[in-house]
Structure formats: C-alpha cells, structure tokens
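Convention: sequence-line order gives letters A, B, ...; per-chain numbering from 1. The figures that follow rest on heavy atoms only: side chains count, while hydrogens, waters and symmetry mates do not.
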There are 2 protein chains.
Amino acid sequence: MAERIDTRYLETLLGYNTRRATLVIVADFMAQMQPFDLSTVEFSVLSLIRHNPGITSRQICTALNILPPNLVGLLKRIEKRELITRAPHLTDGRAIGLSLTAAGSSLIQAAEKTAASSDAHFLSKLSTSEQEVLKKLLKKIYL
Amino acid sequence: MAERIDTRYLETLLGYNTRRATLVIVADFMAQMQPFDLSTVEFSVLSLIRHNPGITSRQICTALNILPPNLVGLLKRIEKRELITRAPHLTDGRAIGLSLTAAGSSLIQAAEKTAASSDAHFLSKLSTSEQEVLKKLLKKIYL
DNA sequence: TATTGTTATACTCTATAACTATA
DNA sequence: TATAGTTATAGAGTATAACAATA
C-alpha cells in the first residue's frame, strides 16, 4: 500500500498548483493566527479597515469578494470583541463607516507582523528575485 | 461610495495572491466543467484514477489532501453514475481498488481536454517562459 | 428605480469521533 | 495494535431570495 501515486498530470494544471500552494500557506497562517483568535477573513477585514478607516461593509465585500450576508456575522463578532466601531457614514445615510478601536488597532498590527513572518517562512524557499517574480505573475493571473 | 480602496498591504502577502489567483481560475474551471457535471474534486479524483488504475481510497486522500470521510459520498456518487468500479484489492483485504469504466474513461479524457483549454486561457496572460516559471515556483512553495 | 445593510435559509466543504473488518 | 473504509455529525464557508431604510 506504499506504491507511488502519479500526480504528474494534475501538476501540469495551473489551478492545481495555486490551490495546493494556498492550502499549505493558509494552514500555516491559521496556526500562526491562533494567538489572535483571527480567521483568515477576519484578518483581511481588520487589515482592510486599518488601511482604509471609514470603509463600508459593501466596499469590504467588493475588495475581498465576499457576499454581503456573509459579512454580517463576522462584523458582529469583531464588534462584540470591541475591535471595531461603527459610525453613520458622513454623506450616505444608508451606509455605515467602520473603524478600529485602540484594541483592534494594536491587535491587527501585531497580527500583521506575525503574518509577515508566516509569509517569510514560505518565501524563504525562493530567492529574493523569485519572490517578486512569483507575486508579479500571480497578479497577472487574477488582476 | 466609489472611493478607491487600498489593498496594497494584502497584496504583499503570498497567501493572498495565491488565493485570489485560485479563485478566478477555479471559477472559470467550474464553469467549463458544467457540461461534464464534475466538481473540481471529482475531476481530480477521476483523473487520479485514470492515471493510477487500482488506486485505493486512502491513496487518493493522501494525494489530494482529502479526509477519508469526505471522499465516501463522492465515490458513491461517481460509482452510481457508473464512472468507476470497485474491486477487492489484490493483496490487502481491507482495501478496495478503484478503476474507470469505459464511460468514466471517455468522460475524464474529454474533461481533461477542456481543463487544458481553461488553463490555457489564464496562461495566455503570461509568456511561455513565465508560464513554466510560475508553476515551478508554486511547486517550490508546496512540495 | 437602485443601493446598503440585514435576516433567514440552504447548500457545499471540511473536520472529528467512533465503528467494522482486516492486517 | 494499527490501518482501510465507513457512518454520523458538527462546524465553516458560500449561495440566493427578500425585506427596510435611504439614495
């Protein structure tokens, strides 16, 4: 039962390669985020609010490809943890602007440091120039 | 509400880039697979059986990073569609060897052709050498 | 009429514990 | 005792329809 399985065909497919890479990276990322009690999406949302204070729910959905109903519970949870605050939007009465609390700000800053070190672990498998090439080529695919 | 959202920080993260690339590739892949009524995992499983006749359930799980309980229903469905057959393993009485039926064989061969064309659509955004570099670098990350 | 945020809901994907039969 | 396949089940993640408030 220890025969070699031939996965060469699947490895020719671009989507298979990006998916396998994502799986190992995300697994490590989730483990690193455990001290912060953040999922990958929660991390992305908090980071997006940090770098775009006053951002609306709908803008987060567009940027991260999340459907609005699926963001509601997530925002509720991080608001209950007092990581974010909601304030009426200045010009649009329907919208709500999101910002970080002091606690949310220090949490996401620490989490971003940890994320960088998780990233560095995988990037260390590549040379400096390869690291830039990989990100550049991936952006060419999805942008 | 049309302000530019700054996603530059997230775009520095490797996992963010591989994940976004995977999302657009898989979305196109799923659309292309609709005529065959195959999910991405079903495609991978059938392809793996094609290139490794007699492969066991456990070997598929290891190769594709699937948990055994989650493969049971999938195998049941493609067996009911008469795409695969199960036969007692030659040397291990606990295991079951999986093989394609004639219908399964022609289905996955046609699906692999279509998969190649979906892949080509995204690879066309890169030069020939970039295509090889991208796959090579991704393998360095997850292998 | 269109959009923001929301509720309710369903469907898929993924994860864990425990069983059976074989090794 | 360990492993292959299975059952049952629980939890994420993702999807659509429909509503109130505002544009």
For a side chain to side chain contact (heavy atoms under 4.5 Å, CB included) check, start with the C-alpha distance between B/Q131 and B/K125, then their side-chain angles and the critical distance, and finish with the verdict. CA-CA 9 Å; B/Q131 298 174 10; B/K125 300 179 169 199; over 6 Å; no

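- Inspection of the A/T85 and A/E79 side chains reveals no N or O donor paired with an N or O acceptor under 3.5 Å.
- Between the C1' atom of D/dG5 and the CG atom of B/D92 lies a distance of 11 Å, rounded to the nearest Å.
- Summarising the geometry, the separation between CD1 on B/I60 and P on D/dT6 is reported as 11 Å, rounded to the nearest angstrom.
- Remark: C1' of C/dT20 and CZ of B/R94 are 12 Å apart, rounded to the nearest angstrom.
- Rounded to an integer number of Å, the gap from B/L74 CG to D/dT6 P is 12 Å.
- Judged by distance alone, with hydrogens and angles left aside, the side-chain atoms of A/K135 form a donor-acceptor pair with the main-chain N or O of B/T12 at under 3.5 Å.
- Residue A/L75 contributes atom CG, which lies 10 Å from atom C1' of C/dG5 at whole-angstrom precision.
- As a whole-Å value, the separation of A/L38 CG from D/dA12 P is 15 Å.
- Distances shown here put every side-chain N or O of B/K76 at or beyond 4.0 Å from the OP1 or OP2 atom of D/dG5.
- Side-chain atoms of A/T22 come within 3.5 Å of backbone atoms of A/T18 as a donor-acceptor pair (strictly under, hydrogens ignored).
- Here D/dT6 presents its P atom at 9 Å from CG of B/L98, a figure rounded to the nearest Å.
- Side-chain proximity of A/S57 to D/dT7, C/dG5, C/dA23: nearest is C/dG5.
- No hydrogens or angles were tested; on distance alone, nothing pairs the side chain of A/R58 with the base of C/dT4 as donor and acceptor under 3.5 Å.
- No salt bridge links A/R20 with A/E11; every basic N to acidic carboxylate O contact stays at or beyond 4.0 Å.
- Spacing between atom NE2 of B/H89 and atom C1' of C/dA23 amounts to 13 Å, rounded to whole angstrom units.
- OP1 or OP2 of C/dT6 lies within a sub-4.0 Å distance of a side-chain N or O belonging to A/R86.
- Using a 4.0 Å heavy-atom distance criterion, A/I66 is classed as making no nucleic acid contact.
- Between the B/S47 side chain and the B/F43 main chain, no donor and acceptor come within less than 3.5 Å of each other.
- Under the 4.5 Å side-chain criterion, counting only non-hydrogen atoms from C-beta, A/L83 is not in contact with A/L100.
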Could you write out each protein N or O paired with an N or O of nucleotides 11-15 of chain C at a distance under 3.5 Å?
unit_1 : atom_1 : unit_2 : atom_2 : d
C/dT14 : OP1    : A/R19  : NH2    : 3.2
C/dA15 : N7     : B/N70  : OD1    : 3.2
C/dA15 : N7     : B/N70  : ND2    : 3.0
C/dA15 : N6     : B/N70  : OD1    : 2.8

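- Across all strands, B/I96 comes closer than 4.0 Å only to sugar-phosphate atoms, never to a base (heavy-atom distances).
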